[in-house]
Amino acid sequence: MNYDISSDNHKGIIAFIGAQGFDPSLFQDDDGQIYLVSQNWDYRQTYLHQKFNGILMQKFDDEKKTLVGPSKRIFTGSPQGGTEGPSIFRHNGYYYLLMAEGGSGRHHSITVARSQRVTGPYELSPNVTLLTAFNADDQPIQKAGHGNLIETPDGRTFLVHLMSRYLPGTGMSMLGRETAIEEITWQDDWPILKGGGQAPAEVVEDLPRVTPESTYETDFSGGLDLSWSSLRQPSLQKKSQEVGLVLKADESLSSLLSQAMVVRSWQAFSFETTATLSFEPQSFRHQAGLVLYYNTKNWLFLYVSHDEITDRRILNLQMAKQGHITEPSNGLYAYLPDNGDVQLRFVVATGVAHAYYQVKADGFQSFGRHIDVSFLSDEGVGGWGFTGAMIGLTAIDTDRKDTTATFSHFEMKTTEEKL
C-alpha cells in the first residue's frame, strides 16, 4: 500500500508503508494519532491458516510517514467469512469497524463491530450483517457491500457502498460495480438501515434528485477528459485541435503487453455509440475501430481493415469470447471506398449488440447479425470481474506499428432511463 506524502518539500512523492493486506484505510483519532487498518492476508495454505484472516491495526507516524509499533489483529471476522475492506467511524462514544464480507458476488455484505477503545476489542453487532442483497432477489440493487458511513451537517447518517445491477432477466452485471447510498438510523447505538432489514433501499427520501446526462459527445479538441481510461500504460496518442484523437497503432486487443486503446464505461444497459474514423490500412494486419470491451479475452470489435485478395478497404467484425476468437460475418465483408471517413456505430439493447456503418453521409447501413454480448459482464468473462463492460477506440498494427488512426468525433447516447 502507498501513501501520498506530498508537501511543499516533497511534492508528488509516494511512500510505500506496508503490504499486510489490501483495501486499507486511515483513521485519525481525536488525539491526533493516526491508525492504519487493513485486511490480514495470509498466503499460507496449511492447517489453521486462511487467506482472509481478520483485520489488522497499526499506528502510523505522520512525521516519519511510516508505520510504527506492533501490528495487532483487532477483529477475526464473522461466520459470513472473507473479512476485508475495513474502515473506522466514530459516533456517540463508540468506534465502529465496518467491513466487507462474503466476497464480491451475490453474498457481498457489510458487517459492523464496535468498541469503546480504538484498539479494541471489537464486539460484533447482534445483527451481524448491516447490509446485503443476498435475500432480495427482486431488488434492482444486487451484490451490495463494502461501504463507509458519513454524517451530514443536519445530523443524518448515510451508508455509501458498492453494488451492481443485473441485466434484466439474467445474473449478468454488465455495468460492473456502481455506488449506492442508504440512510442509517441508530438502535441501541448500533447502525441499522432506516427502512429496516438488511436489503438496500431503491429510493432514499429527501435527497436531491440528480438527472444523469443521457448523451456524451466529444471532438477531442481538448484531448481526453477524465472519463477515458487506457490499459496498463498512458494512451499512445497525439492531441490536435484540428484533427481529433490520433492513435499510433500498437498490438492486438488480445495482447498482454500494450494496446493503443482508450475506453470509457457503459452508463446503461441500452445505448447507441458512434465514432468517426479516418484510416487507410494497407494490410490485413492494420485494424482500427470501435470495440465493446471487457478484457483481453472478451470483446466485440467493429473495424476498418484491408483485404489483400480484392485489394480493397473493408469493414469487418471480430469477437473474442473466453479467449476464443471468431469472425461473426464469416468473410462477408462490407467493402468501403479507398479513402474518406467512415462512421462506425454500435446499438446495444439489453445485452444484444448490432453494428452499423456509414460513408459519405449516405445513411447508416446494418452490418452483420444481432450478437448477444451479455458475456461482457463481471460474471460472464470467467474468473473475477469488477469493471463492467466498456466502449473503446483502438488502432492495431501487428506488422511494423507505424500506422495511425484518427478519430474526429465520438458520441455515446443512453437509450433507456437509468435507475
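The pair Asp362-Lys360 does not meet the salt-bridge criterion, since no charged nitrogen lies less than 4.0 angstrom from a carboxylate oxygen. With salt bridges taken as basic N to acidic carboxylate O contacts below 4.0 Å, one links Glu251 and Lys401. Salt bridge status for Arg90 with Asp29: present, with a side-chain N to carboxylate O gap under 4.0 Å. With salt bridges taken as basic N to acidic carboxylate O contacts below 4.0 Å, one links Lys143 and Glu379. Taking 4.0 Å as the cut-off between side-chain N and carboxylate O, Arg156 and Glu183 count as a salt-bridged pair. A salt bridge does not link Asp397 to Arg400: none of the charged side-chain nitrogens sits closer than 4.0 Å to a carboxylate oxygen. Of the charged side-chain nitrogens involved, at least one lies within less than 4.0 Å of a carboxylate oxygen, so that Arg345 and Glu272 count as a salt-bridged pair.
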Original post:
So Tyr216 and Asp225, side chain to side chain donor-acceptor pair (under 3.5 Å) or not? Walk me through it.
Top reply: CA-CA 11 Å; Tyr216 171 87; Asp225 60 49; 2.5 Å; yes
**OP:** Give the C-alpha distance, both sets of side-chain angles, the deciding distance and a yes or no for side chain to side chain donor-acceptor pair (under 3.5 Å) between Glu327 and Asn316.
**Re:** CA-CA 8 Å; Glu327 292 191 7; Asn316 195 22; 3.2 Å; yes
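Ring geometry for Phe220 against Phe410 counts as tilted: the plane angle lies between 30° and 60°, on a 0 to 90° scale.
The side chain to side chain contact (heavy atoms under 4.5 Å, CB included) test with Val37 is passed by exactly one of Asp23, Ile74, Leu56: Ile74. Evaluated for a side-chain hydrogen bond (donor to acceptor under 3.5 Å, both in side chains) with Gln343, the options Gln358, His409, Glu411 yield exactly one hit, Gln358.
Looking at Gln142 and Arg106, their side chains come closer than 4.5 Å, going by heavy atoms from C-beta outward.
Scored by the salt bridge (Lys or Arg N to Asp or Glu O under 4.0 Å) test, Arg264 finds no partners at all (sequence neighbours excluded).
Remark: the Ser258 side chain and the Asp250 side chain contain an N/O donor-acceptor pair separated by less than 3.5 Å. Side-chain contact annotation: Glu280 with His306, donor-acceptor N/O pair under 3.5 Å absent.
For residues 330-339, no pair satisfies side chain to side chain donor-acceptor pair (under 3.5 Å), with sequence neighbours left out.
Figure legend: Arg114 and Tyr94 shown as a cation-pi pair, the cationic atom lying under 6.0 angstrom from the six-membered ring centre and within 45 degrees of its axis.
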